[in-house]
Amino acid sequence: MNAIFKKEFKNFFITPIGYVYLIFFQILASFFFVRTTNELSYADMSGSFFFFILIFVLLIPVLTMRLISEEKKNKTDQLLLTSPISTFEIVIGKYLATICLFTISVILTLAFPIIIMIFGKTSILLITSQYIGFFMLGMSFIAIGMYTSSLTENQIISAIISFASFLIIFFIEWVPINNTSLIKLVDAFSLIKHYENFNIGILSFSEFFYFLTIISIFFALTIKNLKSINNKKYSYVITIFTISLLIFFNIVVNYVCDKFDLKFDLSANKIYTISKETKDLLKKINKEILIYEVIADGRTSKEIENFIKKYTSCNNKIKYEIINLNDNLDFFKKYNDINQDNIKPGNLIIECNDKHKIISSNSFVSEEGIQIEQKLTSTIDSVFNNVENHVMFSVGHNESFNNYSIKEMLECENYTCTNIDLTVDNIDDEKKNILIVVDPELDFSESEIEKIKKFSDSGKNLIIFLSPFNKKLPNLTNYLKAWGIEPQDDFVIETDGKMYQMINNGVQLLLPDISYHETTSNLISSHIFLTRAKSLKFNEIENINTLTFFKTSEKSISKKNKENNVGSFNLGLLSTKKIKNNLEIQELKDVEENDEKFLESNMMTFGSPSILMDIGANIKFLINAVNFLSKKEDSILISAKIITPFTMEISKKNSDYIKTFLFLGIPSLFLLSGVLILKRRQRN
């Protein structure tokens with residue numbers, strides 16, 4: 001085997017083949033690296049690797065076309081097969097020699113991540129995963145190319161067959177297939193489909209075994225072809241049995257890996273790892289949960305598939321099935337309450353008994369990050385526990401909730417959000433027990449205030465966000481005074497350096513003290529950030545308990561017209577009112593006598609809508625607050641997986657140096673080496 005290996009490896013460099021391959025590979029790889037990183041400003045190689053694979057399609061047939069076909073043409077194959085070297089050793093020697101040349105080209109591409117690490121920031125683990133997949137794919141391509149070389153003694157025909165095979169492998173992903181069974185069959189044998197996991201940062205033992213299976217199958221086929229050349233008795237049954245056994249083991253390994261989640265997440269920020277909160281929920285699932293992924297063009301999303309398989313591996317009660325929209329129109333008719341326009345490719349339908357919900361694929365990625373786990377876990381929680389949670393948003397007063405992501409955030413936590421115009425809509429629906437008012441510019445009418453009063457007196461809850469820029473709102477202000485709350489026409493500035501931060505344009509972010517409460521118990525060591533806030537005074541009223549959520553330091557300043565006051569100011573309040581038979585009670589001691597006869601109404605008031613910003617612990621507090629008001633027990637709070645932007649900062653001068661090195665320096669080195677070696681060989 002060593003002799004075969006040395007001979008084949010030496011042949012690559014005493015002929016132009018090795019140098020041509022390395023030079024062209026380096027130039028093309030450098031070109032695609034520079035282009036896919038947007039001229040060296042984007043530190044992510046995911047796009048580059050797919051173009052590197054395209055280079056395989058072009059160049060590997062050149063490497064493999066002569067491996068065996070040349071032996072046939074020169075009639076040296078008979079000499080090899082009659083030598084004391086086994087057929088296996090012949091094949092493995094030629095294969096390893098080609099792999100070594102391929103490895104040299106891969107090593108050359110390591111200049112790309114080194115450039116990224118010097119001038120930017122990226123995920124080394126993700127790049128490692130991509131390189132492992134890239135190398136496994138290259139080994140598989142070479143095994144296929146070597147097999148095609150054993151089919152004919154014509155090197156050109158061998159190269160054409162290899163090239164055609166690689167083109168099919170590469171572009172089959174883009175062929176529209178509507179038959180689900182055919183899709184599964186094609187994907188099972190698609191090298192690129194199996195490579196995708198490596199490219200997104202998922203290392204799976206099943207993918208390793210798959211590529212080893214492909215390599216072994218084409219090894220077996222190549223050995224069969226070589227033995228048949230010598231007319232030696234070779235059992236087709238053994239070859240077929242070997243291939244069948246490899247396929248069987250591959251299916252078993254794939255099943256075991258999916259069942260026990262034998263995958264390693266090397267992606268940045270562990271994007272494909274589910275949280276402890278999700279795992280705790282899945283342990284409680286004792287009813288069958290069906291997850292249907294809707295497709296139309298025949299392909300599933302690898303990211304979604306990886307996520308769902310995490311869930312199915314945690315609990316066998318969770319089933320995953322792919323439904324083709326074009327072939328199963330009758331299937332969707334049973335979901336009469338779901339708008340058929342919402343059933344689109346990529347969407348998920350979650351079903352448990354008679355309860356079902358749909359998740360829109362458009363909501364999986366937002367400015368906050370990847371929200372697949374948020375959506376999937378909260379929806380499973382909802383259909384499993386069969387609980388409906390509704391939140392209403394007041395409209396018609398130039399409210400500013402559209403400036404924030406509060407609705408999207410609540411929908412991620414499985415709340416149904418509805419806009420309510422109090423001039424025409426009623427708010428007496430028993431299922432809707434929270435009304436949110438965000439920074440209104442126009443006052444509420446007396447009839448609207450009467451509806452709000454009736455709403456709260458029936459044991460419902462309010463959340464009101466005000467700001468220093470609110471115009472006079474006499475009706476709303478009078479309603480708040482009935483709760484003992486007096487919003488001040490001021491602007492709060494913090495002077496204690498430990499309780500604020502400065503951001504762009506000199507804007508001050510307040511970091512108020514957080515009072516202990518059920519909604520803040522997990523936030524005491526965190527920060528709530530507020531900006532442009534007004535203070536809230538409150539007066540003790542006998543039938544109302546008021547708690548301060550957020551308070552400034554004693555050194556803060558309340559700027560009101562030309563008057564400045566120094567002291568500690570309230571920025572967030574929780575008021576709780578006990579109600580009996582829709583009438584306010586007169587004394588709190590009456591409540592203690594028979595508490596179950598009384599309704600409880602809550603109102604949260606904040607002096608700034610900036611608490612709706614997705615910063616610090618703001619979102620976590622808001623989720624806690626809404627869960628508290630809706631009496632949602634065992635709530636699950638999962639943050640979006642932040643997508644880290646990997647960037648490079650390279651000056652134009654350094655960029656030009658790098659391009660010169662990649663496009664001219666390395667290729668020139670191989671060109672010069674090739675010319676010197678070939679001239680020396682001619683002289684000898």
- prompt: Do Ser601 side-chain atoms and Lys577 backbone N/O form a donor-acceptor pair below 3.5 Å?
  reply: no

- Message: As a quick check of understanding, evaluate salt bridge (Lys or Arg N to Asp or Glu O under 4.0 Å) for Lys276 and Asp280, giving each step before the final call.
- Response: CA-CA 6 Å; Lys276 180 180 181 299; Asp280 290 341; 2.9 Å; yes

### Query
Can you tell if the side chain of Ile350 reaches within under 4.5 Å of the side chain of Leu290, non-hydrogen atoms only?
no

Is it true that Lys309 and Glu305 have a side-chain N and a carboxylate O under 4.0 angstrom from each other? yes

Less than 4.0 Å between a side-chain N and a carboxylate O, is that true for Lys453 and Asp457? yes

### Message
Any heavy-atom pair between the side chains of Phe393 and Val391 that's under 4.5 Å?
### Response
yes

Would you say the side chains of Gln488 and Ser535 form a donor-acceptor pair under 3.5 Å?
no

Legend entry - Test side chain to side chain contact (heavy atoms under 4.5 Å, CB included) applied to Leu422 and Ile427, step by step: CA-CA 8 Å; Leu422 292 170; Ile427 53 174; 3.7 Å; yes

Original post:
Is a side-chain donor or acceptor of Lys287 paired with a backbone partner of Phe384 at a separation under 3.5 angstrom?
Top reply: yes

>> Whether the Thr531 and Gln508 side chains hold a donor-acceptor pair (N or O, under 3.5 Å, no angle test) is what I'd like checked.
In response: no

Tell me whether Glu600 is salt-bridged to Lys578, with the criterion being a basic N under 4.0 Å from an acidic carboxylate O.
yes

Hey, are the side chains of Tyr516 and Ser521 touching, using non-hydrogen atoms and a 4.5 Å cut-off?
yes

Practice prompt. Evaluate the side-chain proximity of Asn539 to Glu486: yes if any heavy-atom separation is below 4.5 Å, no if none is.
Written response: yes

query: Ignoring hydrogens and geometry, is there a side-chain-to-backbone donor-acceptor pair from Asn353 to Lys355 under 3.5 Å?
result: no

Exercise. Quick one: do the Asn475 and Glu446 side chains pair a donor with an acceptor below 3.5 Å?
Worked result: no

Using distance alone, with no hydrogens and no angle criterion, decide if Lys407 and Asn419 have a side-chain donor and acceptor under 3.5 Å apart.
-> yes

Side chain of Ser467, backbone of Pro609: donor and acceptor closer than 3.5 Å?
-> no

Sub-4.5 Å side-chain heavy-atom contact between Ile127 and Thr122: yes

Taken in chain and number order and not counting sequence neighbours, the residues that satisfy side-chain hydrogen bond (donor to acceptor under 3.5 Å, both in side chains) with Ser456 are Tyr479

Residue pair Thr605 / Leu574, side-chain heavy-atom distance below 4.5 Å:
no

Consider only side-chain N and O atoms of Thr576 and Asn602, and report whether a donor and an acceptor are under 3.5 Å apart. yes

Shortest non-hydrogen pair, Glu448 vs Asp443, comes out as OE1-O, 4.5 Å

inquiry  = Counting only heavy atoms not in Lys534 (residues, nucleotides, ligands), do more than 12 fall under 6.0 Å from its NZ?
reply    = yes

Evaluate Lys559 against Ile493 for side chain to side chain contact (heavy atoms under 4.5 Å, CB included), listing each step before the verdict. CA-CA 8 Å; Lys559 299 180 75 68; Ile493 298 175; 3.0 Å; yes

Has the side chain of Asp265 got a donor or acceptor atom that lies under 3.5 Å from a matching backbone atom of Ser267? yes

* Decide yes or no on side chain to side chain contact (heavy atoms under 4.5 Å, CB included) for Ile541 and Trp483, but give the supporting numbers first. => CA-CA 7 Å; Ile541 295 182; Trp483 285 74; 5.8 Å; no

Return the orientation label for the Phe621 and Phe550 ring planes: parallel under 30°, perpendicular over 60°, tilted otherwise. perpendicular

Item to check | Donor-acceptor contact present, side-chain Asp439 to main-chain Leu466, <3.5 Å | outcome: no

Residues passing the salt bridge (Lys or Arg N to Asp or Glu O under 4.0 Å) test with Lys472, sequence neighbours excluded, are Asp489

Answer yes or no: is there a donor N or O on one side and an acceptor on the other, between the side chain of Asn478 and the main chain of Pro474, under 3.5 Å? yes

Looking only at the aromatic ring of each residue, does the gap between the centers of His390 and Tyr415 stay below 6.0 angstrom? no

ring-ring contact (aromatic ring centres under 6.0 Å, His included) filter on Phe444, not counting sequence neighbours, yields His397

* So, Ser556 side chain and Thr552 main chain: donor-acceptor pair closer than 3.5 Å or not? -> no

Is a donor on one side and an acceptor on the other found under 3.5 Å between the side chain of Thr520 and the backbone of Leu523? no

Practice prompt. Please check if any side-chain donor atom of Glu450 sits under 3.5 Å from a side-chain acceptor atom of Ser447, or the reverse.
Written response: no

| message | So Leu573 and Phe549, do their side chains get closer than 4.5 Å, heavy atoms only? | response | no

Between Glu399 and Leu442, is any pair of side-chain heavy atoms under 4.5 Å apart?
no

The residue among Asn461, Asn433, Asn624 that forms side-chain contact (heavy atoms from CB on, under 4.5 Å) with Leu629 is Asn461

Margin query: Quick one: does any side-chain atom of Lys319 pair with a main-chain N or O of Asn316 as donor and acceptor, under 3.5 Å?
Written below: yes

request  = Indicate whether the side chain of Tyr311 and that of Thr377 have a donor and an acceptor atom separated by less than 3.5 Å.
outcome  = yes

